[in-house]
Structures are given as structure tokens and as C-alpha cells.
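Remember, predicted model here, so these are calculated numbers, not experimental data. Here is how names work: the chains are called A, B, and so on, in the same order as the sequence lines, proteins then strands, and each is numbered from 1.
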Number of protein chains: 2
Amino acid sequence: MSQQQQTSLRNRLLRVLGPNDFGLLAPAFEQVSLTLGHHLTEANQPLGHAYFIESGLISLLADTVRPGANRVEIGIVGFEGMVGLPIVLGTRRSPHVALVQAEGRALAIPAPVLDEALNSSRTLRGVLGRYAQSLIVQVGQTVCANADFNIEARLARWIVMTQDRLGRDDLPLTHEFLSLMLGVRRPGVTTATHMLEGAGMIRAQRGRITVLDRGKLLELAEGSYGGAEAEYERLLEEG
Amino acid sequence: MSQQQQTSLRNRLLRVLGPNDFGLLAPAFEQVSLTLGHHLTEANQPLGHAYFIESGLISLLADTVRPGANRVEIGIVGFEGMVGLPIVLGTRRSPHVALVQAEGRALAIPAPVLDEALNSSRTLRGVLGRYAQSLIVQVGQTVCANADFNIEARLARWIVMTQDRLGRDDLPLTHEFLSLMLGVRRPGVTTATHMLEGAGMIRAQRGRITVLDRGKLLELAEGSYGGAEAEYERLLEEG
DNA sequence: GTCATAGTGTACGAAATCGCACAGTATGTG
DNA sequence: CACATACTGTGCGATTTCGTACACTATGAC
């Protein structure tokens with residue numbers, strides 16, 4: 001495909017790369033569409049590519065082996081990140097699934113090319129390594145959120161995180177879907193949604209949630225939001 | 001200090017290194033004692049050293065900013081791992097705390113030395129990068145465990161994980177402490193302990209839990225244990 | 001042996017969440 | 001327009017876990 005202009009990209013990892021590092025990757029990029037419901041990576045299957053997200057939203061899910069239990073979301077990725085961290089960390093498999101939750105675009109790069117680029121550039125390793133660190137922080141924050149916060153606060157957290165990554169105020173989310181993301185019952189989401197709507201934080205329509213008052217949402221989410229995001233910003237600047 | 005013999009070490013990461021990679025690190029190692037309750041790393045403070053654990057047990061804790069809420073455990077590290085992954089990933093700070101939970105020993109290495117060694121050896125990057133991946137999997141599994149399993153199953157999981165890392169059957173654990181680790185009330189741990197004891201899985205004494213029937217514990221923990229551990233073994237072999 | 005202290009056992013109402021079932025309502029398709 | 005389908009709203013008892021309080025008991029220090 002035709003080569004990408006670095007400055008025309010939205011992916012923040014790619015934008016922060018030096019021209020040399022970008023040049024290592026750019027020739028191999030292939031633009032791909034992210035279709036709703038598609039699995040970008042499968043659990044325990046070889047990862048052929050890494051994906052730098054340009055737009056849309058990806059959920060990282062972990063399987064619980066427990067019969068009857070659904071997959072649980074451990075993290076989300078948007079244009080600030082990438083899917084395929086295991087490649088960066090030296091392996092080609094992972095027990096996680098990357099699910100497209102909101103459609104968008106990404107730049108795909110073959111695993112061997114990324115691997116080679118990482119081995120030839122210390123600074124590239126720095127940027128992607130720090131992104132891995134920020135993901136660890138994000139997952140850790142999810143542990144905290146699930147341990148200490150009720151459904152409403154977690155819903156608020158999730159909405160704000162999604163808004164960040166989609167860069168829009170209207171988010172295409174069904175209750176069914178949110179229940180999966182938060183690991184709760186579907187009616188529990190309905191109730192929590194009403195609460196947020198009653199408080200003027202959001203407007204809920206069929207299959208869509210619109211953010212009305214981000215400040216109030218943040219207030220409700222208290223400490224469960226923010227740490228990972230601040231860490232991400234800090235890490236990106238370190239580059 | 002005197003140089004370490006690679007084969008006399010217990011740390012599994014160090015043992016799996018090639019002699020050249022080990023040689024990069026060995027001259028800088030300093031043996032340190034891990035004292036109960038000591039913080040090996042502090043949240044958001046510069047990490048001066050990484051620690052390859054020889055014995056004992058370390059908990060990785062994340063602060064919830066929420067007032068009144070306690071720290072929550074997101075992962076544990078024993079002789080299979082290391083503390084100070086952020087250094088491997090290209091930064092010197094992290095919002096997590098590494099708390100010594102059972103005393104032991106570790107080999108400390110100054111961050112700049114580790115950094116330099118990583119930059120000069122692709123294989124070393126491979127081993128420690130894959131360890132980072134295994135930690136991500138472990139934290140993800142914690143998310144699942146907290147979402148889908150009751151206190152008893154989570155207690156069983158935690159006991160088995162601790163047994164793995166201490167290499168003993170008698171574990172120095174108070175209910176108070178376990179309640180912190182599992183993110184539940186202290187009396188909840190007492191009740192769960194009784195259940196496991198009644199089922200012949202453990203013997204509980206003041207400040208100590210002895211594993212009697214690991215098989216039954218695993219059965220109770222169901223899918224919440226095993227995935228991360230299998231992934232660790234797989235990743236170590238890939239080296 | 002006495003004593004302070006850390007650790008453990010138990011109780012009980014309150015709250016959150018669950019599991020399930022079913023009714024209602026947008027939305028798009030033919 | 002009719003209809004199937006997906007999504008949302010609601011109810012209710014069951015269950016888990018919480019918050020809190022208090023009593024009891026090993027254990028080690030003196």
C-alpha cells in the first residue's frame with residue numbers, strides 16, 4: 001500500500017515516534033478496517049500482526065475457564081494504543097482476545113517486521129515498552145475498580161474511558177454489551193444507566209449513550225479513573 | 001559482592017538465561033534480604049533497582065484513590081519472577097507498590113545496569129519481556145477471579161499461588177492480610193477459611209495456613225487458577 | 001505468672017447484586 | 001404496513017457480601 005504520512009495519522013504511539021523509528025515501520029503498514037464484533041486476535045492463536053489503532057475501540061477480554069461464565073474485559077484500546085503487545089514482549093501468542101467494539105481503522109504490521117524494528121531501535125522499544133507498562137497500570141486499575149466500586153461508578157468510569165478513546169460524545173453501546181464489559185447482569189446496567197441519566201450525566205437511547213456532563217461522571221467514578229490515563233501521558237512524554 | 005554461580009540460584013528467570021546474558025548482570029548483583037512488611041518499591045518514586053526474587057513472596061499492590069478504600073493486590077511475585085518490570089519496559093516509575101509478604105532473599109541490580117544489559121542483548125529482552133507478558137496475564141486473571149468467583153474459590157486460588165511461590169506447605173498468612181489480598185472483609189476470610197478447613201483442604205492455625213490437599217483446592221478454584229501459570233511455563237520455554 | 005496485643009470467632013441487620021422471567025418498545029426488513 | 005428481532009424496562013425472591021461490633025484466645029514480653 002501507499003506509505004503513510006506520519007503527521008496525518010491519529011495513532012498517538014506512531015505520532016510520538018521519531019522519523020527514523022517511524023520509517024522502520026511505515027513501509028510495512030497496511031490499512032485495515034475494524035468491523036464491529038470482529039476478533040482482531042484470538043486466544044492462543046499465533047499473532048500474525050500488530051495493530052496500531054487509528055479510530056474505533058478494542059476490548060481486551062480474558063476467558064474464564066469456568067463453565068457458564070462469560071468473558072471478562074480487562075482493558076480497552078483506542079487510538080492511543082496498539083493491539084498485539086505480546087509481539088513487543090517477545091512472543092506470538094496470548095490467552096486474550098481483542099474484540100472490535102466500535103468500528104474504525106487501524107494500521108496493521110506483520111509481526112516479523114515489528115520484531116525486527118524493535119531489535120534495531122532502542123527508542124522504539126522505549127515507546128512501545130512504556131505503552132506495555134501503561135496497559136499493566138490500566139488492568140491493575142480495573143482490578144481496583146471491580147473490587148471497590150459499585151456498578152454505577154464503574155459504568156461512569158467505563159463511559160469516560162470510551163469517550164476518551166472514541167473522541168466523541170455519543171457512544172454506540174448496548175446494555176447487553178456493557179454488562180459484559182463490567183462483568184455484571186444486564187438489568188443491573190439498565191438500572192445504573194437510569195441513575196446516571198437521572199443525574200443529568202448522560203442521555204440514554206436505544207443502543208447509544210451520549211455524554212452530557214463529563215465532569216459529573218468523573219466525580220462519580222472517583223479514583224477509579226485517571227491514574228492509568230495520567231500514567232499514559234507521563235510515559236508518552238518520557239520518550 | 002562475590003559473584004553468583006548461576007546454577008546455585010533459585011530464581012527461574014536467571015536460571016533460564018544463557019551464560020552470556022547472565023554474565024551481563026552477575027557482576028552488578030547485590031544480595032538483599034526481604035524483610036516482612038518492607039516496601040521494595042514505592043508508588044511513583046524512582047526505581048533504583050530491580051529485584052530478582054530468590055525466596056519469599058512479594059505482593060504488587062495498586063492504590064485506589066478512593067478515600068477509605070484499602071490497597072488492592074493485583075499480582076504476586078516469587079522466585080519465578082522479578083520486581084521492577086517498569087525498568088524493563090523503559091521507565092523508572094510506577095504507581096504500584098511491591099510489598100514483602102513473606103521474608104526471603106533477592107538479587108538486586110541497579111536500574112542503569114539492567115537497562116544497559118537489555119539494550120545489548122536481544123535474548124535477555126526476550127526473557128524479561130515474556131515475563132512482563134506473563135504478569136499481564138496474571139493480572140488479567142485476577143480481574144476474572146474477582147468478577148466471577150466467590151470468596152472461597154478466590155481464597156483457594158490465592159493459597160495455591162502462594163504455595164507455588166514459597167515452595168512450602170505451611171504459609172504464614174493472617175486473615176487480616178488475606179482480606180487485604182482478596183479485597184474482602186476480614187470476617188469473610190475467617191468464614192471461608194473454616195469452609196476450606198472443614199473440607200479437609202487446609203489446616204488453619206493462628207497466623208498460618210497449611211495446605212493439606214492441593215488437588216481439592218485446585219478443584220475449588222476451578223478456572224481461576226492455572227491459565228497464568230501455564231502461560232508462564234510456556235513463555236519461559238520459548239526462550 | 002501477668003499482661004498487652006495481635007489474631008480469630010461469631011453475630012446480625014443492611015446493602016448490593018444476582019438469577020430469572022416476562023412485558024414493553026424501537027428499528028429495520030420484506 | 002406487518003413482522004421479526006434486538007434492545008430496554010421492571011419485578012421479586014435468593015444470595016452474597018458488607019459494615020460493624022464485640023467476645024474470645026494464642027502468643028510473646030516483662
Side-chain angles (χ1 to χ4, degrees), chain A residues 36-37 64 66-70 72 101-102 143-159 170-198 202-210 220-222 224, chain B residues 36-37 64 66-70 72 101-102 143-159 170-198 202-210 220-222 224:
Chain A
L36 195 61
T64 45
R66 181 196 196 145
N70 259 318
V72 176
Q101 240 187 71
V143 175
C144 293
N146 291 348
D148 283 350
F149 292 83
N150 63 18
I151 298 184
E152 280 134 30
R154 275 146 66 195
L155 178 59
R157 167 177 183 254
W158 206 92
I159 289 172
D170 61 309
L171 316 173
L173 305 168
T174 66
H175 294 185
E176 179 74 41
F177 195 81
L178 285 166
S179 77
L180 221 158
M181 295 305 105
L182 300 176
V184 298
R185 283 174 324 140
R186 201 271 309 153
V189 173
T190 303
T191 311
T193 302
H194 292 164
M195 196 279 208
L196 301 201
E197 192 166 25
I202 60 171
R203 170 142 182 258
Q205 291 159 289
R206 184 191 179 80
R208 162 181 308 188
I209 285 179
T210 309
L220 179 58
E222 264 183 290
S224 67
Chain B
L36 195 62
T64 45
R66 179 194 197 148
N70 258 317
V72 176
Q101 238 186 70
V143 176
C144 293
N146 291 349
D148 283 350
F149 292 83
N150 63 19
I151 298 184
E152 279 134 31
R154 275 147 66 197
L155 177 59
R157 167 178 183 255
W158 207 91
I159 289 171
D170 61 309
L171 316 173
L173 305 168
T174 66
H175 295 184
E176 179 73 41
F177 195 81
L178 284 166
S179 77
L180 222 158
M181 295 304 105
L182 300 175
V184 298
R185 284 175 323 140
R186 202 270 308 154
V189 173
T190 303
T191 312
T193 302
H194 291 165
M195 197 279 209
L196 302 202
E197 191 166 24
I202 60 171
R203 170 143 181 256
Q205 292 158 288
R206 185 191 176 81
R208 161 182 307 188
I209 285 179
T210 309
L220 178 58
E222 265 184 289
S224 68

- request: Please determine if a side-chain N or O atom of B/R185 lies less than 4.0 Å away from the OP1 or OP2 oxygen of D/dC18.
  value: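 Yes, because at least one side-chain N or O of B/R185 sits under 4.0 Å from OP1 or OP2 of D/dC18.
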| request: Verify the contact: side-chain N or O of A/H194 to OP1 or OP2 of D/dT8, cut-off strictly under 4.0 Å; return yes or no. | output: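 Checking A/H194 against D/dT8: no side-chain N or O falls below 4.0 Å of OP1 or OP2.
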Whole angstrom value for the distance that separates [atom2] of [N] from [atom1] of [X]:
| X | N | atom1 | atom2 | value |
| --- | --- | --- | --- | --- |
| A/D148 | C/dA16 | CG | C1' | 14 Å |
| B/F149 | D/dT16 | CZ | P | 15 Å |
| B/E197 | C/dT10 | CD | P | 11 Å |
| B/R208 | C/dA6 | CZ | P | 20 Å |
| A/L155 | C/dA16 | CG | C1' | 16 Å |
| A/I151 | D/dT17 | CD1 | C1' | 14 Å |
| B/F177 | C/dT8 | CZ | P | 12 Å |
| A/L178 | D/dA6 | CG | P | 18 Å |

Practice prompt. Between C/dG7, D/dT8, C/dC20, spot the one nearest the side chain of A/T190, thanks.
Written response: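 Of the options given, the side chain of A/T190 lies nearest D/dT8.
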Out of C/dT25, C/dT8, D/dA21, which nucleotide sits closest to the side chain of B/R206?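 Of the candidates, C/dT8 comes closest.
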Angle between the end axes of the helix from C/dG1-D/dC30 to C/dG30-D/dC1, five pairs per end, to the nearest 10 degrees?
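That helix has its two terminal axes inclined by roughly 40°.
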Pick one: which of B/V184, B/T193, B/L178 meets side-chain contact (heavy atoms from CB on, under 4.5 Å) with B/I151?
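Running side-chain contact (heavy atoms from CB on, under 4.5 Å) over B/V184, B/T193, B/L178 with B/I151 returns exactly one hit, B/V184.
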(Q) Show, in sequence, the C-alpha distance, side-chain angles and deciding distance for A/L220 and A/L196, and conclude whether the side-chain contact (heavy atoms from CB on, under 4.5 Å) test is met. (A) CA-CA 9 Å; A/L220 179 58; A/L196 301 201; 3.3 Å; yes
query = Where do A/N150 and A/A153 come nearest, in terms of heavy atoms and distance?
reply =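 Taking A/N150 first and A/A153 second, the nearest heavy atoms are OD1-N, 3.0 Å.
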Q) Nearest heavy-atom pair of A/A192 and A/L155: which atoms, and what distance? A)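 Of all heavy-atom pairs spanning A/A192 and A/L155, the closest is CB-CD2, 3.8 Å.
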Using a 4.0 Å heavy-atom cut-off, does A/G207 contact any base of the nucleic acid, only the sugar-phosphate backbone, or nothing at all?
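Here A/G207 touches the backbone only, sparing every base.
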ask   = Toward the 5' end of DNA chain D, which comes first, A/A147 or A/E176, by nearest nucleotide?
value =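 Result of the comparison: A/E176.
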Want to settle it: does A/P187 or B/T191 sit nearer the 5' end of DNA chain C, counting the closest nucleotide to each?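 In this pair, the answer is B/T191.
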Treating B/R186 as the side-chain partner and B/E176 as the backbone partner, does any N or O pair qualify as donor plus acceptor under 3.5 Å?
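Answer holds: no.
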(message) Given 3.5 Å as the limit, does a donor-acceptor pair link the side chain of A/R157 with the main chain of A/A221, or not?
(response)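 Not confirmed, A/R157 side chain does not pair with A/A221 backbone.
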message: How long is the straight-line distance from CD1 of A/I209 back to CG of A/D170, given to the nearest 0.5 Å?
response: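 Answer for the CG-CD1 pair, A/D170 versus A/I209, is 11.0 Å.
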- Can a donor-acceptor pair under 3.5 Å be found between the side-chain atoms of B/R186 and the base atoms of C/dG9?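 In this structure, the two groups form a donor-acceptor pair.
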